[in-house]
**Student:** 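My structure is below; once you've seen it, I'll send some questions.
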Amino acid sequence: MAIIETKDLTYTYGTGTPFEKTAVDHVNLSIEQGEFIGVIGHTGSGKSTLIQQFNGLLRPTSGTVLLDGKDIWAEPKKIREVRFRVGMVFQYPEHQLFEETVLKDISFGPSNMGLEPAEIEKRARDAAKFVGLREELLEKSPFELSGGEKRRVAIAGVIAMDPDVLILDEPTAGLDPRGRDVLLSQIVNYHEVRHNTILLVSHSMEDIARTADRILVMNGGKAAMFDETKKVFARGEELERMGLRVPQITKILAMLQKDGYPVETALTLEQAIR
Ligand code: ADP
């Protein structure tokens, strides 16, 4: 069964004002439990507005979002539970760190879920491991860490809530190429171990090629394409008309990976060609 489904999902900003704008326009899609979905589309295509409706941060103007077959707004009082099940990592999430220590920061989410202290700490430590934060960093102030480390603390804070669906909005933005590679492989590893559902919003076709089973292409508020990575990348001309370009190397990478070659093979080839 689908974990997330949308039916004619529509979101309009500023209804009835001169600034009225339909940002998400009758989107119908179905995401299966355990899938890794890449979300692409040029700026303003509706990606953020779409994903913010998946965990109830925005309430649809019309249409529905179903989680496990149930309209998430059927009981508005239970929207908090939806937010625990659908975890969201925003762009530049490190700006939201505020606790005295890294461990406390990662524990913040789970500590609001009514869990026992021992369970909270276990989740926080496990989440820190997933994102590769060394044990000795956990008692430091998050503000003493490097930019890449802060980013990982913020992501661990969402992972620690053990969401069924993890949504990441541009998680590698602003990181150097090495930091980007490391973070992406940690996300892929997390997905392989937990088998939860991941939505990765990214401008980077390479990031998407390396990770996604299927790609959702947003264009003018519509779901313009939603298909296997290889099949979407094969529609280069249509993508270009939407202001998106898939570099040749990215297509090769995607093909190799989806055909079962290990990531390392594709990366070695990529480096050799560069
Ligand atoms: P993306 O994430 O793909 O860049 P957004 O969902 O942020 O796209 O934006 C989709 C459209 O909605 C754009 O035209 C944008 O200008 C408009 N929009 C986004 N947020 C707001 C807002 N708070 N008020 C009015 N219009 C908005």
Side-chain angles (χ1 to χ4, degrees), residues 4-29 31 35-67 72-73 79 82-83 86-96 151 154-155 158 163 165-175 180 183-184 187 197-209 211-212 214-227 229 232-233 235-236 238-246 250:
I4 287 191
E5 218 176 327
T6 67
K7 290 204 194 300
D8 285 325
L9 185 64
T10 300
Y11 192 90
T12 304
Y13 289 103
T15 305
T17 73
F19 308 103
E20 184 167 318
K21 168 86 197 170
T22 296
V24 170
D25 194 358
H26 293 87
V27 169
N28 288 289
L29 51 84
I31 296 168
E35 278 196 290
F36 199 128
I37 306 289
V39 183
I40 58 174
H42 65 75
T43 305
S45 60
K47 303 181 297 294
S48 299
T49 308
L50 178 74
I51 59 171
Q52 288 180 64
Q53 293 176 90
F54 289 171
N55 79 341
L57 280 176
L58 292 178
R59 189 170 180 163
T61 307
S62 64
T64 41
V65 175
L66 308 169
L67 181 63
I72 62 168
W73 287 99
I79 205 70
V82 171
R83 293 188 187 139
V86 182
M88 181 93 68
V89 178
F90 291 99
Q91 283 185 39
Y92 295 94
E94 57 273 25
H95 296 157
Q96 291 160 26
R151 175 83 47 99
I155 295 174
V158 178
V165 181
L166 175 65
I167 303 178
L168 301 134
D169 194 356
E170 298 281 358
T172 62
L175 299 181
R180 203 188 80 182
L183 182 58
L184 268 190
I187 294 169
T197 309
I198 298 195
L199 273 79
L200 174 74
V201 179
S202 181
H203 272 95
S204 163
M205 294 287 192
E206 272 185 54
D207 286 4
I208 298 277
T211 55
R214 286 203 290 163
I215 299 183
L216 169 66
V217 184
M218 292 297 292
N219 187 44
K222 306 236 184 226
M225 297 183 199
F226 190 29
D227 209 341
T229 301
V232 168
F233 283 174
R235 294 165 69 179
E238 284 170 74
L239 290 171
E240 281 187 21
R241 282 200 291 277
M242 298 178 210
L244 301 165
R245 210 176 70 80
V246 186
T250 304

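The figures that follow rest on heavy atoms only: side chains count, while hydrogens, waters and symmetry mates do not. One-based numbering, in listed order, for ligands and for the atoms of each.
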**Student:** Think R151 forms a cation-pi with Y92, using NZ or CZ under 6.0 Å from the six-ring centre and within 45 degrees of its axis?
**Tutor:**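 Output yes; distance and angle both within limits.
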**Student:** State, to 0.1 Å, how close V82 and F54 come at their nearest heavy-atom pair, and which atoms those are.
**Tutor:**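 So the two residues come closest at CG1-O, 4.1 Å.
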**Student:** If you scan the protein for heavy atoms around atom 15 (C) of ligand 1, do you find one that is closer than 4.0 Å?
**Tutor:**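 No; the ligand atom in question lacks any protein heavy-atom contact below 4.0 Å.
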**Student:** Could you say whether the N/O atoms of A23 and ligand 1 ever approach to under 3.5 Å?
**Tutor:**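 By distance alone, the answer is no.
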**Student:** How far is atom 18 (N) of ligand 1 from the closest protein heavy atom, and which atom is that?
**Tutor:**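 Among all protein heavy atoms, the one nearest atom 18 (N) of ligand 1 is Y13 CE1, 3.5 Å.
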**Student:** Look only at the side chain of K47 and the backbone of G41, and say whether a donor-acceptor pair between them is shorter than 3.5 Å.
**Tutor:**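 Looks like yes, one N/O pair under 3.5 Å.
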**Student:** Can you tell me which portion of K21 lies within the under-4.0 Å heavy-atom range of ligand 1? Options are side chain, backbone, both, or neither.
**Tutor:**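 K21 to ligand 1: side-chain contact only, backbone stays beyond 4.0 Å.
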**Student:** Does any N or O of ligand 1 fall below 3.5 Å from an N or O anywhere on T49, backbone included?
**Tutor:**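 Right, the criterion is met.
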**Student:** So, T10 side chain and D25 main chain: donor-acceptor pair closer than 3.5 Å or not?
**Tutor:**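 Such a contact is absent between T10 side chain and D25 backbone.
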**Student:** Any idea which protein heavy atom is nearest atom 7 (O) of ligand 1, and the distance to it?
**Tutor:**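 In this structure, atom 7 (O) of ligand 1 has S48 CB, 3.8 Å as its nearest protein heavy atom.
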**Student:** Among residues at least two apart in sequence or on other chains, which ones pass salt bridge (charged side-chain N to carboxylate O under 4.0 Å, His left out) with R235?
**Tutor:**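 Residues passing salt bridge (charged side-chain N to carboxylate O under 4.0 Å, His left out) with R235: E238.
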**Student:** Could you tell me which atoms of ligand 1, counted from 1 in the order shown, lie closer than 4.0 angstrom to a heavy atom of K47?
**Tutor:**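 This gives 1 (P), 2 (O), 3 (O), 4 (O), 6 (O), 8 (O) as the contact atoms.
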**Student:** Without swapping roles, check the side chain of T61 against the backbone of T12 for a donor-acceptor pair under 3.5 Å.
**Tutor:**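 Yes, because the side chain of T61 sits within donor-acceptor range (under 3.5 Å) of the backbone of T12.
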**Student:** With a distance cut-off below 6.0 Å to the six-membered ring centre and an angular limit of 45° from the axis, does R214 pair with F36 as a cation-pi contact?
**Tutor:**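 The answer is no, since R214 fails at least one limit relative to F36.
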**Student:** Looking only at protein heavy atoms, identify the closest one to atom 13 (C) of ligand 1 and say how far it is in Å.
**Tutor:**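 Protein heavy atom at minimum distance: G44 O, 3.7 Å.
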**Student:** Tell me whether S202 contacts the main-chain N or O of S204 through its side chain, where contact means a donor paired with an acceptor under 3.5 Å.
**Tutor:**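 Indeed, once roles are kept as given, a pair shorter than 3.5 Å links the two residues.
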**Student:** Contact between S45 and ligand 1, counting heavy atoms under 4.0 Å?
**Tutor:**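 Checking ligand 1 against S45, which is what was asked, there is a heavy-atom contact under 4.0 Å.
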**Student:** For ligand 1, is there an N or O atom under 3.5 Å from any N or O atom of G41?
**Tutor:**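 Between G41 and ligand 1, no N or O pair is found under 3.5 Å apart.
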**Student:** Any heavy atom of H42 sitting closer than 4.0 Å to ligand 1?
**Tutor:**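 It does; at least one heavy atom falls under 4.0 Å.
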**Student:** Quick test: of every protein heavy atom, which one is nearest to atom 8 (O) of ligand 1, and how far off is it to 0.1 Å?
**Tutor:**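 Checked against all protein heavy atoms, atom 8 (O) of ligand 1 sits closest to G46 N, 3.1 Å.
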